[in-house]
Amino acid sequence: MEDILDYVDQIAPGNYAAKASVDIALHDLVGKLMEQPWYRIWGFNPEDTPDTSYTIGIDKPDLVKEKTREAAPYNILKVKMGGGNDREMINSVRSVTDKPLCVDVNQGWKDRNEALEMIHWLKDQGIVFVEQPMPKTSVEDIAWLTQNSPLPIIADEALQTVDDIKNVFGVYSGVNIKLMKCGGMRAARQMALAAKGLGMKVMFGCMTETSCAVTAAAQLSPMADWADLDGNLLITNDVFDGLIIEDGRLVLPERPGIGVLGC
């Protein structure tokens, strides 16, 4: 598998989602040949999986409140921000729940002083961390913000592969790792090990994905400080049976490989 993935890495530069599909398929095959799930092969305890956050998108207050009520089974919510109504978003969510929240600004803030002021306000609202608050190109401003922020600042758009870890070290508090961005399970594990070795926080995230890809990412979740693996919950055409959410926490299947079945 290592030789095959080394070869795949050397051809067709980029194309990380396509390469992730090969990586996931190979991990599934090798795990089945070994008759073990990958979290066991890597030596992880499945009891160490974190809660997954559930995403609340930018919308009008009434709809935000409705989405928040629908998210009652989850223990932490991820609120999208950066649309010009940030305080309204948080106030709408807070009118319905007092659960821990994290926020994803999607590079939406431009002024670092205003960003720091907002982060202090967010801390008072029970926010756990702030994801990609400013444009990824604003490296000096983000480094200053991280240094002065009372909350962890997590990189998302600012990195893609393991080679980017060195670029975000000292600029962000942690990283959001996504299989479809980095090329699969092997690359994601390399990124997590590199980040943790540098003392950075680790989060595993996803795109809008089926349970196949999300369950593959979840094999790594015992390494994580946080997980945002809800992509399969946001679609209606999922053809796979994989991980489940129990009391808000990721529960890994005991089946070998990545642990998914096709429906």
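Just so we're clear, the structure is a prediction, and the values are computed from it rather than from any experiment.
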Test item: [X] side-chain N/O and [Y] main-chain N/O as donor-acceptor pair under 3.5 Å:
X: Asp104; Y: Asn106; answer: yes
X: Thr68; Y: Val93; answer: no
X: Arg94; Y: Thr97; answer: yes
X: Ser95; Y: Ser92; answer: yes
X: Thr146; Y: Ser173; answer: no
X: Thr215; Y: Leu243; answer: yes
X: Asn85; Y: Glu88; answer: no
X: Thr49; Y: Ser221; answer: no

### Sequence neighbours excluded - ring-ring contact (aromatic ring centres under 6.0 Å, His included) pairs with any residue from residues 114-155
Phe129-Trp226

Nearest atoms (heavy-atom pairs only) where [X] meets [Y]:
X: Ala20; Y: Gly184; result: CB-N, 3.7 Å
X: Pro253; Y: Gly259; result: CG-O, 3.2 Å
X: Asn176; Y: Leu159; result: O-CD2, 3.9 Å
X: Leu220; Y: Phe44; result: CA-CE1, 4.2 Å
X: Leu193; Y: Met223; result: CD2-CE, 3.7 Å
X: Ala158; Y: Val168; result: O-CG1, 3.9 Å

Contact between [X] and [Y] at the side-chain level, heavy atoms closer than 4.5 Å - yes or no?
X: Pro73; Y: Ile245; value: no
X: Ile24; Y: Met180; value: yes
X: Gln132; Y: Trp109; value: no
X: Thr137; Y: Gln107; value: no
X: Met81; Y: Val130; value: no
X: Gln125; Y: Leu101; value: no
X: Glu47; Y: Arg249; value: yes
X: Ser53; Y: Asp230; value: no

### Task
Apply salt bridge (Lys or Arg N to Asp or Glu O under 4.0 Å) to Asp141 and list each qualifying residue two or more places apart in sequence or on a separate chain.
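By the salt bridge (Lys or Arg N to Asp or Glu O under 4.0 Å) rule, Asp141 matches Arg112.
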
### Message
Going by salt bridge (Lys or Arg N to Asp or Glu O under 4.0 Å), name the residues that satisfy it together with Glu131, two or more places apart in sequence or in a different chain.
### Response
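With neighbours one apart ignored, the set is Lys78.
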
### Message
Does anything in residues 11-39 form a salt bridge (Lys or Arg N to Asp or Glu O under 4.0 Å)? List the pairs, not counting sequence neighbours.
### Response
Asp28-Lys32

#### Entry: salt bridge (Lys or Arg N to Asp or Glu O under 4.0 Å) pairs, two or more places apart, involving residues 152-167
Asp156-Lys178, Asp156-Lys181

Verify the neighbour count for atom [atom1] of [X]: are there more than 12 heavy atoms of other residues, nucleotides or ligands below 6.0 Å?
X: Lys110; atom1: NZ; result: yes
X: Lys136; atom1: NZ; result: no
X: Asp124; atom1: CG; result: yes

Hey, quick one: are [X] and [Y] part of the same hydrophobic cluster, counting side-chain heavy atoms closer than 4.5 Å, chains of contacts allowed?
X: Met1; Y: Tyr39; result: yes
X: Phe240; Y: Val251; result: no
X: Leu252; Y: Trp42; result: yes
X: Leu122; Y: Met134; result: yes
X: Leu151; Y: Leu145; result: yes

How many angstroms lie between atom [atom1] of [X] and atom [atom2] of [Y], to the nearest 0.5 angstrom?
X: Asp228; Y: Cys102; atom1: CG; atom2: SG; value: 6.5 Å
X: Ile258; Y: Leu29; atom1: CD1; atom2: CG; value: 11.5 Å
X: Asp48; Y: Leu250; atom1: CG; atom2: CG; value: 12.0 Å
X: Leu5; Y: Leu26; atom1: CG; atom2: CG; value: 5.5 Å
X: Phe169; Y: Leu198; atom1: CZ; atom2: CG; value: 5.0 Å
X: Leu63; Y: Ile56; atom1: CG; atom2: CD1; value: 11.0 Å

Side-chain donor-acceptor distances from residues 202-210 under 3.5 Å, at least two apart:
residue : atom : partner : partner atom : Å
Glu209  : OE2  : Met207  : N            : 2.9
Thr210  : OG1  : Cys212  : N            : 3.3

### Query
Going through the checks in order, is the side chain to side chain contact (heavy atoms under 4.5 Å, CB included) test met by Arg87 and Met118?
CA-CA 9 Å; Arg87 292 181 187 251; Met118 176 62 73; 3.7 Å; yes

Non-neighbouring partners of [X] that pass side chain to side chain donor-acceptor pair (under 3.5 Å), sequence neighbours left out:
X: Lys67; value: Asp59
X: Asp6; value: Arg186
X: Asp51; value: Asn75

### Message
Which residues pass the ring pair (Phe, Tyr, Trp, His ring centres under 6.0 Å) test with Tyr74, not counting sequence neighbours?
### Response
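Partners of Tyr74 under the ring pair (Phe, Tyr, Trp, His ring centres under 6.0 Å) test: Tyr54.
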
#### Entry: Partners passing ring pair (Phe, Tyr, Trp, His ring centres under 6.0 Å) against Tyr172 (at least two apart in sequence or in another chain)
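Counting only residues at least two positions away or on another chain, Tyr172 forms no ring pair (Phe, Tyr, Trp, His ring centres under 6.0 Å).
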
### Message
Among Gln160, Gln190, Arg189, Met191, exactly one meets side-chain contact (heavy atoms from CB on, under 4.5 Å) together with Ile177. Which residue is that?
### Response
Met191

### Message
Applying side-chain contact (heavy atoms from CB on, under 4.5 Å), can you list everything that pairs with Met34, at least two apart in sequence or on another chain?
### Response
Val30, Ile41

